[in-house]
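Comments concern the structure below.
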Number of protein chains: 2
Amino acid sequence: MATTQDRQLVEQWRSIQSTYFRTAGMIDRALELKFSIGLTEFEILDLVAESADAACRMKQLGERTPMTQSAMSKVVDRLERAGLISRHSCEDDRRSLFLELTDAGRELHRRAAVEHRALLKENLA
Amino acid sequence: MATTQDRQLVEQWRSIQSTYFRTAGMIDRALELKFSIGLTEFEILDLVAESADAACRMKQLGERTPMTQSAMSKVVDRLERAGLISRHSCEDDRRSLFLELTDAGRELHRRAAVEHRALLKENLA
DNA sequence: TGTCATTCAATGACGTGTCATATAAGTTGA
DNA sequence: TCAACTTATATGACACGTCATTGAATGACA
């Protein structure tokens, strides 16, 4: 029943889980504390920041994160309410939206990224 | 600013994230479908199943999972309602509880573990 | 033994994620 | 050009996790 391989798999899985939770938790709390945004919000900012091209975003962003389409939509809502991002409708296809950082968003991302990278480094060593 | 090391860290992090979400999602859906329990519930069953000794559990279990104390309490609620686990108060320290699988819980765990291990194998290769 | 601090577990308020669905725009083909 | 289908995003109901707090039992110590 419980083969050695099984036990190894479970070990490996728990290790991934705990790394994930520990790291995500630390980053989330730090960002919340210093910048009043959660990890999820930061991750969207980060994706938008790194895609400089002006394609119709929402959709493509969805392909680069494990987040659900509906989760993304809500995160973007919050970022928009916080004045960090703006949605622009896309002339080519008016179903699509593309996203852009506001100045405040760009600035916050710049500062939060430092914290984010530092905590990743600390946790993924 | 964005050093090579930073980019590698972010890459590594996203890889952990996506492995975690993909795997957790698959297992969760499979267990839900076939056994009507979620991954979280299974993980508690699994921990209880593997600690054969009769210590005062709740507390110690908490040390072996990234779950919050309050999350655990609620998961155990659900497992108890489902008739898979029972709480017993501990004579030595009446604040503590220890947990035990019911027969149904043991049986379900046995079958679900097969599925769980198989999906881990498939995803963590 | 009485007080004060600590520990274990449960609970309620709340935020965020998911699923199913809605809305709106685009596409296809008779 | 009109249906039927598909695609992009938003939304509402609901489940689950977190935080802060509570209640109860224990420990420490004067």
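So that the names make sense, note that chain A is the first sequence line, chain B the second, and so on, each numbered from 1.
A residue-by-residue look at A/Arg94 and A/Glu41 shows that A/Glu41 has its nearest nucleotide of DNA chain C further toward the 5' end. Nearest-nucleotide positions on DNA chain D place A/Arg95 closer to the 5' end than the other of A/Gln69 and A/Arg95. Comparing A/Arg29 and A/Ala71 against DNA chain D, the residue whose closest nucleotide sits nearer the 5' end is A/Ala71. Residue order along DNA chain C, read from the 5' end via each residue's closest nucleotide, puts B/Arg87 first among A/Met67 and B/Arg87.
With hydrogens and angles ignored, the 3.5 Å screen pairs a side-chain donor or acceptor of A/Thr23 with a backbone N or O of A/Thr19.
Each of D/dT11, D/dA8, C/dT11 was ranked by its minimum atom distance to the side chain of B/Ser73; first place goes to C/dT11. Listed candidates were D/dA25, C/dT11, C/dA10. Nearest to the side chain of B/Lys74 is C/dT11.
If you take CG of B/Leu39 and P of C/dT18, they are 14 Å apart, rounded to a whole angstrom. In this structure, the NZ atom of A/Lys59 is 18 Å from the P atom of C/dA25, given to the nearest Å. Here the P atom of nucleotide C/dT7 and the CD atom of B/Glu63 are 13 Å apart, to the nearest Å. Atom C1' of nucleotide C/dT16 and atom CD of A/Glu43 are separated by 14 Å, given to the nearest angstrom. Nucleotide C/dC19 holds its C1' atom 15 Å from the CG atom of B/Leu33, rounded to whole Å. In this entry the distance linking CG of A/Asp93 with C1' of C/dT27 reads 11 Å, nearest Å. Separating the CD atom of B/Gln60 from the C1' atom of C/dT7 is a distance of 13 Å, rounded to the nearest angstrom. Put simply, CZ on B/Phe98 is 16 Å from C1' on C/dA9, counting in whole angstrom units.
Note: B/Tyr20 and A/Trp13 have parallel aromatic rings, judged against thresholds of 30 and 60 degrees for the angle between ring planes. A/Phe42 and A/His109 have parallel rings, their planes meeting at less than 30° on a 0 to 90° scale where 60° marks the start of perpendicular.
Here A/Thr68 lies in heavy-atom contact (under 4.0 Å) with sugar-phosphate atoms only.
Evaluation of atom-type donor-acceptor distances gives a pair under 3.5 Å for the side chain of B/Ser70 against the base of D/dC19.
Look at B/Arg111 and B/Glu115 and you find no salt bridge, because none of the NZ, NE, NH1 or NH2 atoms lies under 4.0 Å from a carboxylate O. Under the 4.0 Å criterion applied to side-chain N and carboxylate O atoms, A/Asp46 and B/Arg14 are assigned as salt-bridge partners.
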